[in-house]
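Have a look at the structure below before the remarks.
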Amino acid sequence: MTAFVGRSVPLARMGRAGPGLVLVAGEAGIGKTALLTRFAAGRPAVFWGTCWADDRAPAWWPWTQVLRALLRERPGLRADPRLDTIIGDAAPTEPDDGARTRIFAAVGDLLARAAGEAPVVVILDDLQWADETSAGLLRFLARQPRNGPLLLVAAYRPDELPGSVLADLAPAAETISLGGLSAAEVTELVGDAAWAPAVYRRSAGHPFFARELCRWLENGGAASDVPAVVREVIGRRLARLPAGCAELLDAAAVGGAELRPDVLADVCGQPIPVIDDRIAPCRAAGVVTGPHFAHDLYRETILAALPAQRRAELHEKTGHALLRRLDRGGSVFPAELARHFASAAALCGPEAAVTWAHAAAEADAGRYAFAEAAGHLRRARSAVADAGCRLAEADAVRLLTAEADLRLRAGDAETARELLDRASRPAGRDGELLGLVALGLDRAGARFAMPRTDLITALQTARDALDGTGTPVEAQVTAALARQLQHSVPADRPRAGPYADRAVEIARRLDDPATLASCLLARHDTLWTPGTGAERVVIATEIVDAARRAGDAERHVQGLLLAANAHLENGSAAFRATFAEYAYLTERLRQPRHDYLLRIRQAALALLDGDLTTGERLVDEAAALGEAVGDSDTGNVRMSQRLEIVRARGDRDELRRTAAEAVRWWVGVPAHAHAVAAGFLARAGDLGAARREVETVLALPDWRADRSYLWSVFAGELATAAIALGDRSLCAVLLADLSPLAGTCTVNGALVCFMGSHAHRVGLLRAALGDITGAVEALRAALEVHERLGARLWAAETRRALGLYDAATLCREGELWRVGYRGRSARLRDVKGLHDLAILLSRPGVDVPAVELMAGGGPVLLDRIAAEPTLDAAAVNAYRRRLADPGLDQAERDRLVDELRRATRPGGAARPLGPDNAERARKAVTARIRDAIRRIEAAHPSLGRHLDRSVRTGHLCRYDPESA
């Protein structure tokens with residue numbers, strides 16, 4: 001056994017590490033595994049997992065080794081049944097892709113329970129070869145709170161570990177970087193001071209190179225280029241092994257990192273005892289340690305020396321040997337078979353390579369490792385091409401479309417589209433193949449409100465070829481065509497509805513829940529226009545049910561999102577519960593594209609709640625995620641959400657910039673673009689520019705005909721401009737269009753952004769047309785909706801509008817007073833009674849002593865305050881007129897009778913008070929308030945009448961708007 005030299009500082013740092021994560025970085029052969037072995041020596045509970053290179057193992061493999069070892073050593077620990085996905089050989093039994101996160105949590109729970117019994121160390125070696133899912137589990141565990149002494153240690157080659165993995169792990173870890181040994185340590189390592197300087201110089205202290213150079217020099221060699229020397233050293237060492245070992249090692253190097261005697265026996269055509277005899281000298285020479293090569297450089301050197309033909313033959317033999325092992329009940333991963341048959345495609349043809357590539361992809365996709373799954377299919381394609389083989393057209397299309405779907409789920413939309421473009425050529429005129437390509441293009445998506453000529457043409461061509469077949473593909477392609485037509489430009493939309501109906505008809509005959517869910521989605525989208533929320537809730541609920549029965553987790557969350565959106569359009573607070581379920585399940589999909597879609601909706605919810613800071617941050621995060629996954633609609637979504645942020649802020653420069661950006665962005669729907677620009681310019685006060693945008697909209701022939709799901713946004717912004725411009729004709733047209741929708745809300749896209757109740761705009765339009773009573777009624781309904789939904793900023797905006805149209809206002813402006821009521825205002829000269837009224841209006845429903853009004857609203861000292869408030873004759877008459885109102889309810893009638901009884905004598909005359917300060921204040925304040933009300937009535941009759949009915953004077957004065 002080679003002596004362990006140096007590394008005292010790294011060992012000390014690892015020994016001091018508490019619960020958490022330690023990363024050990026260093027190049028190949030630098031001594032990472034030796035350091036880990038030394039650290040583990042003597043520790044009671046260390047569990048190893050080694051990652052494999054060249055995709056020879058499926059997802060989770062290093063954790064499979066760790067957990068199997070842990071459960072063997074501690075049989076009393078009970079593992080969650082979901083961990084069979086990792087520990088066993090079977091594929092996952094749960095159809096829900098969200099199970100991956102539950103598996104992460106189950107692993108964390110098992111390790112925490114183990115660490116609760118005694119300290120646990122988990123070591124992952126060669127992390128640079130870990131599949132994405134295994135790396136994701138390490139990230140998950142590293143971020144969890146520590147419930148016991150659990151230490152995670154991972155070693156990796158820094159030049160081979162993806163930067164994204166390191167960026168996620170490094171902040172939570174203590175990183176130990178291994179460099180070369182010192183000159184003194186190399187001397188100790190090689191044990192010969194004479195050679196040590198040359199070995200140190202040539203190896204730069206690299207332990208593996210130093211050892212091999214030392215052996216080379218012992219045999220009379222001369223040190224030169226280190227990598228070449230090392231390869232030659234390894235070759236010479238291998239050449240000294242007994243006869244038969246070379247054949248064994250060739251087969252072992254091709255077979256993988258693990259030496260399995262039964263497979264090697266099959267490949268070499270020798271009994272297992274002979275194989276064991278040949279492994280023994282390899283182990284004695286230090287080439288093999290346990291069931292593995294002592295170092296990857298040994299295996300790499302052997303593979304580099306193999307002629308291509310010999311290597312292909314060994315891959316073919318190994319593939320068939322693994323199949324026989326599988327027949328015997330042995331453990332074989334589909335990924336192994338895929339690799340071997342792909343490498344032997346020139347000898348055995350492409351069929352086995354393609355078959356096992358699909359099997360390996362399915363296995364890794366079932367473990368939620370979509371990038372690894374796509375990699376199996378890509379390697380099969382490359383291997384078949386390199387072998388000079390030609391795939392059948394159907395096989396080529398299925399291979400390309402399957403990989404495209406996996407790339408899309410992994411967040412690589414650009415590559416997915418390239419693959420689908422390639423698949424369209426071999427598809428020819430075959431309906432089923434054209435359908436596969438067209439459906440792949442449909443999943444890749446397109447930008448809203450832009451012509452989709454190529455995509456629609458592909459779907460139409462496939463649908464024509466499939467017409468009348470009645471197959472699931474025909475139904476799905478027809479549904480996809482309907483949706484793309486609906487989300488294209490206005491001229492395409494009328495064709496969408498019949499296709500959606502046809503798709504649902506086929507799907508119901510098939511009794512296929514997955515196909516039915518897709519076709520119902522098309523019906524939902526073709527109905528998606530303002531005022532159809534109730535009907536769409538029913539369809540979305542059926543989509544959820546069908547997707548659940550089909551085990552389609554992605555369609556399931558899509559149905560929940562559409563249901564939440566329809567609830568919100570209906571003004572129902574139920575949208576929050578449905579959204580919470582959508583968010584919970586979407587997080588568990590762990591797909592980049594769905595992470596992006598969820599972040600959009602989290603931003604929308606923050607904006608609805610009135611948290612602009614959080615909302616803007618989430619909008620930017622969503623846009624970054626969308627660009628990363630290549631979603632074609634990212635910019636459109638960001639623009640739509642920016643509208644609400646900019647509108648709420650009200651910054652004039654930002655409003656102008658957004659107006660110009662809207663025109664540039666939504667070129668496919670000019671009516672929408674120019675209406676948004678008109679509304680934003682009107683808010684900015686640029687009425688001339690707003691008028692030009694309105695005229696542009698009105699000049700378009702289809703400005704009233706296009707009723708996509710963005711129509712509410714269009715109508716709302718056009719209404720804002722029409723009101724600001726005083727365009728009564730346009731206000732009347734928009735009021736007629738929006739009034740039937742007054743009970744619903746504007747939601748931009750599928751819960752992309754909430755933009756207020758329709759009743760709010762109906763109220764503003766009615767006010768602009770002089771119907772103040774109708775305006776107040778609509779605005780009160782809008783306020784109720786906004787408060788019910790928790791739309792804080794919209795509720796505040798509706799309250800401001802109600803304040804303008806539904807409340808009396810008095811405001812001092814220099815030497816004049818501006819008085820307002822129900823949308824109309826007037827100006828009056830200053831008189832004392834206006835000051836009194838201003839105080840009363842600022843305290844509605846509150847009794848204010850007349851002496852306080854005499855003092856201008858400040859504190860007063862009274863000689864005597866009457867125990868009973870006294871009313872003047874005008875107030876008594878007002879009370880009596882109010883009592884004569886047949887619509888007065890009994891409670892109000894009783895209150896008024898009590899007031900009159902206290903203020904009048906049995907005969908009906910007013911109770912007199914003595915001529916004290918309070919009485920003098922009563923008389924003076926009453927006179928000047930009544931004088932002010934007469935002046936107001938002359939300038940603003942409706943306000944004067946309102947104040948005459950609602951202001952009570954006497955020793956205690958009061959403004960009671962509810963009594964008017």
Side-chain angles (χ1 to χ4, degrees), residues 45 47-51 57-118 120-122 124 130-148 150 152 326 329-336 359-370 372-373 409 513-514 547-557 581 584-591 594:
F47 305 101
W48 287 72
T50 301
C51 307
W60 310 105
W61 178 240
W63 292 103
T64 299
Q65 301 167 67
V66 168
L67 298 184
R68 285 176 178 174
L70 172 62
L71 293 172
R72 278 196 306 270
E73 182 170 312
R74 300 191 184 179
L77 284 173
R78 294 187 61 187
D80 188 303
R82 281 188 288 261
L83 293 186
D84 288 344
T85 298
I86 301 178
I87 300 167
D89 297 328
T93 57
E94 291 188 58
D96 179 12
D97 283 358
R100 190 177 92 148
T101 301
R102 290 191 288 275
I103 292 171
F104 281 10
V107 173
D109 175 68
L110 179 63
L111 291 174
R113 286 188 284 114
E117 297 176 358
V120 170
V121 178
V122 172
L124 300 186
D131 57 275
E132 289 186 12
T133 309
S134 292
L137 176 51
L138 180 61
R139 285 194 295 269
F140 175 88
L141 294 173
R143 293 171 179 168
Q144 298 308 298
R146 292 285 165 258
N147 297 322
L150 171 63
L152 304 170
L326 190 62
S331 174
V332 177
F333 298 117
E336 295 180 88
E362 183 178 354
D364 273 353
R367 293 176 171 88
Y368 328 115
F370 303 113
E372 293 90 341
R409 296 174 79 186
R548 188 184 290 116
R549 286 188 287 119
D552 188 339
E554 293 179 67
R555 191 70 77 202
H556 184 179
V557 299
E581 185 180 1
Y584 176 83
L585 294 177
T586 299
E587 285 176 344
R588 278 143 189 81
L589 289 176
R590 296 295 177 181
Q591 293 186 33
H594 284 283

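Values in this document were obtained by computation on a predicted structure and should not be read as measured data.
Contact annotation: the side chain of V66 never approaches that of I86 to less than 4.5 Å [non-hydrogen atoms, C-beta and beyond]. Residues W60 and L137 are in side-chain contact: their nearest non-hydrogen atoms beyond the backbone lie under 4.5 Å apart. Residues F140 and V107 form no side-chain contact, since every pair of their non-hydrogen atoms from C-beta on lies 4.5 Å or further apart. Using a 4.5 Å heavy-atom cutoff, the side chains of T64 and I87 are not in contact.
Remark: R113 pairs with L77, D109, L110 by the side chain to side chain contact (heavy atoms under 4.5 Å, CB included) rule, at least two apart or across chains. Checked against side-chain hydrogen bond (donor to acceptor under 3.5 Å, both in side chains), S134 has the following partners two or more places apart in sequence or in another chain: D131. In this structure, the side chain to side chain contact (heavy atoms under 4.5 Å, CB included) partners of R72, at least two apart in sequence or on a different chain, are R68, A69. For the side chain to side chain contact (heavy atoms under 4.5 Å, CB included) test, residues two or more places apart in sequence or in another chain that qualify with A118 are R74. Every residue two or more places apart in sequence or in another chain was checked for a ring-ring contact (aromatic ring centres under 6.0 Å, His included) with Y584, and none qualifies. Scored by the side chain to side chain contact (heavy atoms under 4.5 Å, CB included) test, T50 finds Q65, D125, D126 as partners (sequence neighbours excluded).
Of all non-hydrogen atoms in P334 and A363, the two that sit nearest each other are CG-CB, 4.3 Å. Minimum interatomic distance between R549 and P513 (heavy atoms only, all atoms of both residues): NH1-CB, 3.7 Å. In terms of heavy-atom proximity, A373 sits nearest to A365 at CB-N, 3.8 Å. Considering all non-hydrogen atoms of both residues, L152 and A142 come closest at CD1-N, 4.1 Å. Of all the heavy atoms in A106 and L83, the pair that sits closest is CB-CD2, 3.7 Å.
Within the model, atoms CZ of F370 and OG1 of T133 stand 8.5 Å from one another, a figure rounded to the nearest 0.5 Å. Atom CZ of R143 is separated from atom CG of L138 by 10.0 Å, given to the nearest 0.5 angstrom. Interatomic distance, E132 CD to R139 CZ, rounded to the nearest 0.5 Å: 8.0 Å. Taken from NE2 in H594 to CD in E554, the straight-line distance is 3.5 Å, to the nearest 0.5 Å. Here the CD-CG distance, from E336 to L326, works out to 10.0 Å after rounding to the nearest 0.5 Å. A distance of 9.5 Å separates OG1 in T586 from NE2 in H556, rounded to the nearest 0.5 Å.
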Inset, instruction - With side-chain contact (heavy atoms from CB on, under 4.5 Å) as the test, would you mind laying out the steps for L141 and W63 before giving the verdict? - result: CA-CA 12 Å; L141 294 173; W63 292 103; 3.4 Å; yes
